[in-house]
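Reading through the structure tokens given below for one structure.
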Amino acid sequence: MPAFLKMQNLTIKNGAIFIADSHANENRPEFLKFLRALKEGKICAPQLFLMGDMFDFLSDYCDYPLKFASEHIRLINELSKCMEIYYFEGNHDFNLSKILKNVRVFPIAAQPVKFKSECAQNVAIAHGDIFLPFVSKYALRFLRLKLFLKCMNFIDNLLNFKISKALFKKLRHKNLTYKIPNFKNLAAKRVANYTEEIIIEGHFHQGDIFEFQNQQYINVPSFACEQSYFIVEYAPKIKFALKSARGQDV
């Protein structure tokens, strides 16, 4: 196990990349191109924070999406040997710890996760699909159960993956580019659940940064929509600079 997985005090380093909600499928190759660019050294970073929903659907116990994501998984595992990678599971990707060998995977139940900035600020990081009503919370947990997924995968195999193909077809047409009206008000409600100075979430696809008294809220943009991500710069305090992969050779 790499030494960084044993660290008790998790620190966000200068140059760290935060990328979220790429919703990779057969029609969205952008995340795969991004991983290839990292592998080829066209993009460099000491840390990679994968903020969840990186795939339209991915789980350890489901054969069809695993086949689709095989190159993504291989590249992530190769990259994890030379850089720190943290994966915050979302509502579209879960049960990934066994297939992402050297990646620090945080399931929804373990989020938010506490980090420190290099200037000693407390940082909370989560995909964003947390603090849900009781029924929604446990309904989503049921869908992540190993037994349920294995049974569905068995049926899916018998049907020549008709279930998975139908799911992927439906998700392919899902609108991912949208603006949430008065998102700052929603962000304020999110911030109320945290005590940390900095809160970083994905899930909402907005790519906004807000200041609330002594707290800062960062919503990582959807890579599926804009091919944008945040990179950390200390100048001297932590700053999140928006970068775009669109139009670059990635």
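Position 1 is the first residue of the sequence, and the numbers go up from there.
- Among residues at least two apart or in separate chains, salt bridge (charged side-chain N to carboxylate O under 4.0 Å, His left out) pairs with a member in residues 198-207 are Arg190-Glu201.
- Residues satisfying the ring-ring contact (aromatic ring centres under 6.0 Å, His included) criterion with His127, sequence neighbours excluded, are His203.
- Lys237 places no side-chain N or O within donor-acceptor distance of the main-chain N or O of Tyr234, the cut-off being under 3.5 Å.
- Between the Glu197 side chain and the Asn122 main chain, a donor and an acceptor come within less than 3.5 Å of each other.
- With hydrogens and angles disregarded, no donor-acceptor distance shorter than 3.5 Å links the side chain of Tyr194 to the backbone of Ala124.
- Remark: the backbone N or O of Gly90 is paired with a side-chain donor or acceptor of Asp93 at under 3.5 angstrom.
- Across all non-hydrogen atoms, the minimal contact from Pro112 to Ile130 is CD-CD1, 3.8 Å.
- The nearest pair of heavy atoms linking Asn25 to Asn27 is OD1-N, 2.7 Å.
- Residue pairs meeting the salt bridge (charged side-chain N to carboxylate O under 4.0 Å, His left out) criterion with at least one partner in residues 152-163, sequence neighbours excluded, do not occur; the list is empty.
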Could you list the donor-acceptor pairs under 3.5 angstrom formed by side chains in residues 174-182, with sequence neighbours left out?
from   : atom 1 : to     : atom 2 : distance (Å)
Asn175 : OD1    : Thr177 : N      : 3.2
Asn175 : ND2    : Thr177 : O      : 3.4
Lys179 : NZ     : Gln206 : O      : 3.2

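- In this structure Pro65 satisfies the side chain to side chain contact (heavy atoms under 4.5 Å, CB included) test together with Phe57, Leu58, Cys62, Ser164, Phe168, sequence neighbours excluded.
- Looking at residues two or more places apart in sequence or on another chain, you find a side chain to side chain contact (heavy atoms under 4.5 Å, CB included) between Ala187 and Phe210, Phe212, Tyr217.
- For Phe161, the ring-ring contact (aromatic ring centres under 6.0 Å, His included) partners are Tyr64, not counting sequence neighbours.
- Listed by first and then second residue, the salt bridge (charged side-chain N to carboxylate O under 4.0 Å, His left out) pairs involving residues 43-68 are Arg28-Asp56 (not counting sequence neighbours).
- Sorted by first and then second residue, the salt bridge (charged side-chain N to carboxylate O under 4.0 Å, His left out) pairs with a member in residues 207-234 read Glu226-Arg246; sequence neighbours excluded.
- Residues that satisfy the side chain to side chain contact (heavy atoms under 4.5 Å, CB included) test with Pro29, not counting sequence neighbours, are Lys33.
- For Leu32, the side chain to side chain contact (heavy atoms under 4.5 Å, CB included) test picks out Arg36, Glu71, His72, Leu75, with sequence neighbours left out.
- Put simply, the side chain of Glu30 never gets that close to the backbone of Ser22: no donor and acceptor are under 3.5 Å apart.
- Between Glu84 atom CD and Leu48 atom CG the span is 11.0 Å, to the nearest 0.5 Å.
- Counted within 6.0 Å of CG on Leu158, heavy atoms from surrounding residues, nucleotides or ligands total more than 12; the atom is thus considered enclosed.
- Applying the ring-ring contact (aromatic ring centres under 6.0 Å, His included) test to Phe18 and every residue at least two apart in sequence or in another chain returns Phe49, Phe240.
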Kindly indicate, with the supporting measurements, whether the criterion side chain to side chain contact (heavy atoms under 4.5 Å, CB included) is fulfilled by Phe55 and Leu96. CA-CA 12 Å; Phe55 301 88; Leu96 304 181; 5.7 Å; no
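- Between atom CZ of residue Phe223 and atom CG of residue Asp21 there is a gap of 12.0 Å, rounded to the nearest 0.5 Å.
- More than 12 non-hydrogen atoms from other residues, nucleotides or ligands lie less than 6.0 angstrom from NZ of Lys165.
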